[in-house]
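These numbers come from a predicted model, not from an experiment. Letters A, B, ... mirror the listed sequences (proteins, then strands); counts begin at 1.
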Amino acid sequence: MTDVLTLEAVDTDGAIQEAADRVSGDSRAGFFRKGFLVAGGTLGASALVGAADARAQTSTDVAILQFAHALEHLEAEFYAEALRMGALRGDVLAFARVVAAHERTHVKFLSGALGSSAIKKPRFNFRGTTESQSRFVATAIVLEDTGVKAYKGQAPRIQTDSILAAALSVHSVEARHAAWIRHIAGKPPAPTAFDPAASLKQVLAAVKGTRFLAGPIRTVSGGAPLFTG
Amino acid sequence: MVRRSSPDSGATSKQQGGLIVLAALLLLVAPQAAAGDAGRPLLADTAITAAPPALVTNRRARLAFTASHSDARFECRINEGVFTACRSPVVYRKLEPGPYRFEVRAVSLSGLADVIPAQASWRVERTFKLSAGSVSRWAPVLGRVVARAHPLASSPVLARLRPQTPEGTTNLVLALERFEDPSGRLWIRVQLPVLPNNSTGWVPRSALGGYTAVGTRLVVHRRALRATLYRHGRQVWRARIGIGERRWPTPAGEFYVRVKLLGFSDPFYGPVAFGTSARSDVLTDWPGGGFVGIHGTDAPWLLPGRVSHGCIRLRNEDILRLERLMPVGTPLTIL
Ligand SMILES: [Fe+2]
Ligand SMILES: [Fe+2]
């Protein structure tokens with residue numbers, strides 16, 4: 001299913017690009033207006049779940065967590081929709097059930113950690129990848145591999161110890177997901193002795209390639225009715 | 001239609017079976033010898049004139065057939081069952097996914113059945129219901145696309161869909177079921193906002209955006225002049241309504257809410273108007289295509305009644321409450 005994921009495809013509303021720009025320190029004003037809307041409030045004003053030094057978190061940490069939150073939304077909704085779409089069977093279905101619950105928990109955890117800086121769930125179009133077993137498997141591999149590399153890439157930049165500990169505990173679970181679905185697909189679960197980290201740019205390219213971020217939908221208009229009256 | 005050449009094994013009496021074998025032999029050896037006094041063959045020839053295509057997702061199958069003798073009667077069977085008397089057309093409903101073979105044989109006045117029944121075979125493919133029970137799903141139309149009668153690129157075109165409504169909003173369709181064809185291509189059967197009302201058609205999955213689920217359904221009872229909104233099967237709103245005058249009737253069928261209009265300044269339509277996928281069967285040259293709306297009014301004393309050009313008219317306080325409860329994409333049933 002190489003047609004499902006191409007790296008040249010566009011991020012239709014630029015949402016993940018902007019989340020990434022924020023992590024790189026390029027805080028474009030458009031970030032808050034686009035698909036990944038911050039639920040409200042200001043950066044750094046949130047309470048980190050279970051962390052005594054929540055107030056010590058920096059704007060860099062918040063931005064990294066927001067990027068992670070965006071990716072976890074994507075994963076969580078992908079599995080949730082796949083379970084609703086009734087196309088999965090056997091091992092793949094069992095995998096999806098377990099991982100769906102993990103991803104839901106990751107989203108919840110990051111929502112709590114970010115508080116008022118949390119990212120709102122964007123609108124997705126999974127383009128049929130949740131509606132057929134083979135497309136689902138190919139896509140799950142890309143998403144999980146991307147998640148693993150994304151956490152690894154950001155870990156050295158995290159400034160607060162408690163956030164780093166939390167990120168690492170998610171990171172290793174993403175690695176288990178990746179190995180599990182690779183095994184199901186008949187690919188080597190642990191292909192190399194050292195895993196490469198992905199830069200923000202590379203993560204972005206992978207996410208962009210999915211084209212899962214849907215453009216805005218307008219269902220309300222202020223125009224005059226033309227109905228039969 | 002392939003005709004089976006093996007001898008008939010149906011539920012005829014032994015005597016009749018013997019006659020059939022005899023007649024068959026006569027046909028094989030000397031066709032003219034099987035002719036009756038009037039010079040017409042003793043056996044009627046059977047032909048199927050309408051049958052499902054080889055692969056279908058439709059669980060309803062309609063089969064029509066004729067005989068070379070106009071006075072012949074027919075016997076039918078499906079999947080090697082027992083031949084029983086039947087008439088054209090035969091309709092099967094709620095067929096489970098799987099292979100089907102239909103056979104029909106004409107029985108001439110002489111009581112002799114056609115030796116070789118006419119036969120049609122097809123396969124009902126499994127589909128996945130995207131809207132079922134109290135949950136429905138809608139999806140935006142991403143670009144211009146044609147909707148087809150069957151999930152097949154060569155199937156007849158039923159309608160052309162655009163990415164925008166006449167109101168300039170994102171066009172959306174109610175997604176009914178999904179089919180993955182043998183090559184792995186995904187097709188979605190959608191409710192179509194076209195005439196004739198109640199049309200559905202198949203579009204490639206790639207023509208649609210992501211799904212949004214809704215748990216609401218609006219049911220309009222024309223005779224009772226009443227509309228009821230259900231959420232997950234429970235009534236959450238109800239109002240008396242105005243519907244089309246008898247010469248401009250509000251059409252019956254399955255539709256959906258496609259657009260919401262707010263902030264316009266035409267008191268005739270009240271403060272809120274919903275656009276639906278239903279269209280007037282008579283006012284087809286109406287600006288915007290004659291779509292049926294659900295809206296308020298500046299003449300509440302006319303309600304309830306048969307007062308509109310086809311639209312569903314509500315008192316303003318009712319449409320304002322409905323506006324808060326009914327999301328765009330809600331299925332609409334007009335009874
Ligand atoms: Fe995750
Ligand atoms: Fe994961």
Notebook entry, point to check: Around B/R126, counting heavy atoms of other residues, nucleotides and ligands shown, do more than 12 lie under 6.0 Å from its CZ?
Noted result: no
Test item: A/R84 side-chain N/O and B/L130 main-chain N/O as donor-acceptor pair under 3.5 Å:
no
Output for pair (B/Q164 CD, A/R218 CZ), nearest 0.5 Å, gives 7.5 Å
Bottom line for B/R185: the part with an atom under 4.5 Å from chain A's heavy atoms is backbone
Closest non-hydrogen contact found for B/P140 with A/I217 is CG-CD1, 3.4 Å
Rounded to the nearest 0.5 angstrom, the OG-CD distance for A/S132 and B/E180 is 4.5 Å
Given 3.5 Å as the limit, does a donor-acceptor pair link the side chain of B/T169 with the main chain of A/V220, or not?
no
Smallest heavy-atom separation, A/R123 atom then B/T212 atom, equals NH1-OG1, 3.0 Å
In this structure, CZ of A/R127 is separated from CG of B/L208 (nearest 0.5 Å) by 11.5 Å
Of B/I188, B/L262, B/L142, the largest count of non-hydrogen pairs under 4.5 angstrom with chain A goes to B/L262
In this structure, are over 12 heavy atoms from other groups packed under 6.0 Å from B/R162 atom CZ? no
Given B/L186, B/V259, B/V135, B/V292, the one with more heavy-atom pairs under 4.5 angstrom with chain A than any other is B/L186
**Asked** Does any N or O in the side chain of B/R205 come within less than 3.5 Å of the main-chain N or O of A/E131, such that one atom is a donor and the other an acceptor?
**Response** no
Quiz item: Are B/R258 and A/T219 linked by a side-chain donor-acceptor pair shorter than 3.5 Å?
Solution: no
